[in-house]
Amino acid sequence: MKLSKIAFQVSKNAPANADTVNHKLLVQAGYVRQLMAGVYTYTTLGLKVLRSIENIIREEMNAIGGQEILMPALQPKENWVTTGGWDKIDVLFKLKSRTDKDYALGQSHEEIVTPLAKEFINSYKDLPLALYQIQWKYRDELRSKSGILRGREFFMKDMYSFHETQEDFERFYSETKAAYLRIFKRLGLTAKVTEASGGSFTEKVSYEFMVLTDAGEDDIFYCDECDYCINQEIAKVKEGDKCPKCGSPLKLARASEVGNVFDLGQKFAKDFEVTFTNQAGEKKYPIMGCYGIGVSRSMGVIVEKYNDEKGIIWPKSIAPFQVEVVSLSGAEDYALKVYETLQKANISVLLDDRNQSAGSKFAAADLLGLPVRLVVSPRNGEKIEWKERNQSESELIDLETVLTKLK
Ligand code: ATP
Ligand code: MG
């Protein structure tokens, strides 16, 4: 793509209302636009990042047997009354139609997926079943802040699983936990797994995936020596206490929850009368689990972790392009040739062909944060300046070497 043709450009000025690094950098670099508090547009470049995150999640969910579906965000009141959520869930957005009918906007999809699965689940042979989607969620959050970390409309991956036995649920629960750790690793995030109390309907323990960042809203106690980690909300420990697992002193830090997994038990199956016939011919309720990942929040957390004073430093796995070619005045033709050569070699590349000074192009490249910057300048003849976003040194190499290095 050519930067001159992209509708949303990097800006010299940071947004005035930004309270976090992700908000400031994502808006300033042109990846998102804020419509109102907690509601954002993803521009062409921002959407590329979101889609890459989404695809990593999709690959890992498919690998553990998840089947992707897409459920409606507009939902009938009745389903929410059935589970008690209509009165109990304070973040539920409720709407009225002009014919006085009540609707909810999906804040989570147990109320939709459970009656949906009822159609399919008849026998133990139909289990286990894991359905997931990647979609907008709506929540009437009291305070929507920290850029895309807490939205009123935000992108989530939510999966729901149905099992014959508690053992089978436990098996899938741990496979999903392992898949989550692979996802966060591929996204460049170190996620700590904390034990927390269950959701609104269950007393069971749930697990949260936490990434340390001051922009987060959770406080967690963790141990540097082992994997012990617990949310402060339910913890009976304090900073400096001995880790219950290995005895090292516990640390307290701010973190952002990028995902979680819940044991739902039979609550929703009972609400919607979903039953299956087991091998002995008895009618049973399946055991359910639900598994969320904040897709848009993860994008924000990645920016919180990967930046410097000049801008974003995208991990390669989710960068909108792998390379930016910076075309300097007087070298336009050769820059175009370099750009086209990379495109032919199937390397995802952005060309800064805007009519701007070298200085402002360099600043833009740092702000945008693509992994590799290639400067094509009349001073260097056929040589190209190679610089990685996370390094300070650069080198002059020929096009052939550029291609080899990128492959
Ligand atoms: P939180 O404690 O941060 O409000 P939650 O417990 O309400 O999260 P879930 O309902 O389980 O979270 O949603 C699954 C995932 O969706 C969370 O782990 C988080 O990453 C993300 N998420 C939740 N609420 C928001 C929000 N308002 N904006 C962006 N992402 C969110
Ligand atoms: Mg919440």
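Counting starts at 1 for both ligands and their atoms, following the listed order. Everything numeric here is computed off the predicted structure, so don't read it as measured data.
Taking distance alone, with nitrogen or oxygen atoms compared against 3.5 Å, G151 approaches ligand 1 more closely than that limit.
No part of D158 comes within 4.0 Å of ligand 1, judged by heavy-atom distances. When heavy-atom distances to ligand 1 are checked against a 4.0 Å cut-off, R150 comes that close through both its backbone and its side chain. Contacts between E257 and ligand 1, counted as non-hydrogen atom pairs separated by less than 4.0 Å, involve both the backbone and the side chain. Counting heavy atoms under 4.0 Å from ligand 1, residue F209 does not touch it at all.
The residues R254 and D219 are annotated as salt-bridged, a charged nitrogen and a carboxylate oxygen being separated by less than 4.0 angstrom. Under a 4.0 Å N-O distance rule, the pair E175/R171 qualifies as a salt bridge. The pair K267-E110 does not meet the salt-bridge criterion, since no charged nitrogen lies less than 4.0 angstrom from a carboxylate oxygen. For D224 and K251, the salt-bridge test passes: some basic side-chain N is under 4.0 Å from an acidic carboxylate O.
Ligand 1 has no atom lying under 4.0 Å from any heavy atom of S296. Residue G259 places a heavy atom less than 4.0 Å from ligand 1.
Shown here is E119, whose CD atom has no more than 12 heavy atoms of other residues, nucleotides or ligands within 6.0 Å. Within 6.0 Å of CG on D214 lie no more than 12 heavy atoms contributed by other residues, nucleotides or ligands.
Near E141, with a cut-off below 4.0 Å to any heavy atom, the atoms of ligand 1 are 24 (N), 26 (C), 27 (N). Residue V258 approaches ligand 1 through these ligand atoms, each under 4.0 Å from one of its heavy atoms: 18 (O), 20 (O). Taking every non-hydrogen atom of F262 and a distance limit under 4.0 Å, the qualifying atoms of ligand 1 come out as 11 (O).
Considering only non-hydrogen protein atoms, atom 21 (C) of ligand 1 sits nearest to G294 CA, 3.6 Å. The shortest contact between atom 11 (O) of ligand 1 and any protein heavy atom is with N260 ND2, 2.5 Å. Protein heavy atom nearest atom 31 (C) of ligand 1, with residue, atom name and distance: F154 CE1, 3.2 Å.
Below 30°, between 30° and 60°, or above 60°: for Y291 and F172 the angle between ring planes is above 60°, a perpendicular geometry. Aromatic ring orientation, Y42 versus W136: tilted (interplanar angle from 30° to 60°).
Selection from K157, E217, R139, M156 by nearest heavy atom to atom 23 (C) of ligand 1 gives R139.
The cationic atom of R373 (NZ for Lys, CZ for Arg) lies less than 6.0 Å from the six-membered ring centre of F362 and within 45° of the ring axis.
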